[in-house]
Undergrad: 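Can you read through this structure? Questions will come right after.
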Amino acid sequence: MAEELALFPLGTVLMPNGRIALQIFEQRYLDLIKDHLRDERPFAVVQLRAGGEVARPGLPTTAIAEIGCTARVVDWDQLPNNLLGVTIEGETRVFIRDSWQASNQLWLGAVDYLPEDDPLPLPDDAGDLLGLMGRLVEHPHVKRLGVEIDDSDAGILANQLGQLLPIPEESRYELLETLDPLERLDRLQVMLDRFIE
């Protein structure tokens, strides 16, 4: 049976175990974050396929991807520009059966939860990817997100790398769609090999 969740359409993809920082200024999303923090009410981040992140008259109708990821707020603060800054972490993939806008313009969706990764040890050939993750977490931007390495689980490593690497959003979405964690790692390795060439 589908569950109704608030949706947060973004131009980027949120991966399970991935973290991203957001600036919140629209009232509909301030309300969403307030409800989430107060009631621990889940919401899902979904990639925008058309339209804009900010509601503006004249923009094309919003279209969203079929697969998103539930999120939780792991940190928040008032930014120097007086906007609300939040860091969110992805949790579980969801399939968006249907979506619609409420009277306050917040997007809602009927979603099915997709299977979570079973814990899976890193394959023997994942040393380069693990080393890359070690270098990424030393970057100042990543340090601000509070990302910690989990060197014991293939799915978590694949998801965190998929979130942090500067890859096209279409490629990130393909990783989100890929349910097998070892296949996700293989796809990341292929992307890195192409980049090095």
Side-chain angles (χ1 to χ4, degrees), residues 5 7-22 36 40 42-49 64-77 85-96 111-197:
L5 290 185
L7 304 179
F8 199 136
L10 289 175
T12 190
V13 172
L14 178 65
M15 299 288 295
N17 315 108
R19 289 189 175 190
I20 56 177
L22 302 173
H36 169 74
E40 298 184 9
F43 66 97
V45 171
V46 292
Q47 185 191 24
L48 276 170
R49 293 295 172 91
I64 59 173
E66 289 185 332
I67 296 177
C69 185
T70 62
R72 67 184 177 95
V73 174
V74 295
D75 194 17
W76 59 274
D77 199 4
V86 297
T87 300
I88 59 173
E89 181 173 282
E91 293 190 318
T92 306
R93 289 176 193 83
V94 290
F95 176 77
I96 317 297
V111 309
D112 292 324
Y113 286 85
L114 297 175
E116 295 189 39
D117 293 340
D118 290 325
L120 191 63
L122 292 180
D124 293 337
D125 61 354
D128 288 346
L129 292 174
L130 188 57
L132 175 60
M133 186 67 191
R135 292 188 296 280
L136 282 171
V137 296
E138 293 303 315
H139 189 280
H141 175 68
V142 179
K143 279 187 174 182
R144 285 193 297 273
L145 293 173
V147 175
E148 296 180 7
I149 299 176
D150 183 335
D151 62 1
S152 66
D153 190 280
I156 292 174
L157 178 64
N159 292 339
Q160 289 180 329
L161 282 171
Q163 191 70 69
L164 294 174
L165 289 173
I167 59 177
E169 292 303 321
E170 308 85 61
S171 299
R172 202 176 326 273
Y173 184 77
E174 288 173 8
L175 291 172
L176 183 69
E177 286 182 307
T178 304
L179 296 182
D180 180 352
L182 294 179
E183 186 180 341
R184 255 179 272 139
L185 280 178
D186 288 344
R187 286 180 180 225
L188 282 164
Q189 188 63 62
V190 168
M191 288 179 209
L192 290 173
D193 291 345
R194 284 181 187 154
F195 181 74
I196 291 169
E197 293 171 359

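In this chain, residues are counted from 1 in sequence order.
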Undergrad: Report the distance from atom CG of Asn17 to atom CD1 of Ile156, rounding to the nearest 0.5 Å.
TA: 4.5 Å
Undergrad: Main chain of Met15, side chain of Gln163: is a donor-acceptor contact present, judged purely on distance under 3.5 Å?
TA: yes
Undergrad: Does the side chain of Ile20 reach to within under 4.5 Å of the side chain of Ile88, using non-hydrogen atoms?
TA: yes
Undergrad: Roughly how far, to the nearest 0.5 Å, is the CD atom of Glu174 from the CD1 atom of Ile67?
TA: 11.5 Å
Undergrad: Can you measure from CZ (Arg187) to CG (Leu161) and round to the nearest 0.5 angstrom?
TA: 15.5 Å
Undergrad: Atom CD in Gln160, atom CG in Asp153: separation rounded to 0.5 Å?
TA: 9.5 Å
Undergrad: For a 4.5 angstrom cut-off between non-hydrogen side-chain atoms, does His36 reach Arg72?
TA: yes
Undergrad: I'd like to know if the side chain of Glu116 and the backbone of Thr92 have a donor-acceptor N/O pair within less than 3.5 Å.
TA: no
Undergrad: Under 6.0 Å from the CD atom of Glu66, do we count more than 12 heavy atoms belonging to anything else shown?
TA: no
Undergrad: Please report the interatomic distance CG(Leu185) to CG(Asp125), rounded to the nearest 0.5 Å.
TA: 8.5 Å
Undergrad: Can you see which heavy atom on Leu14 is nearest to which on Gly90, and at what distance?
TA: CD2-CA, 3.6 Å
Undergrad: Would you give the length of the straight line joining atom CG of Asp128 to atom CG of Leu188, rounded to the nearest 0.5 angstrom?
TA: 12.5 Å
Undergrad: If you measure from the Lys or Arg side-chain nitrogens to the Asp or Glu carboxylate oxygens, is any gap between Glu138 and Arg135 under 4.0 Å?
TA: no
Undergrad: Salt-bridge test for Asp117 and Arg184: reply yes if a basic N is under 4.0 Å from a carboxylate O, no otherwise.
TA: yes
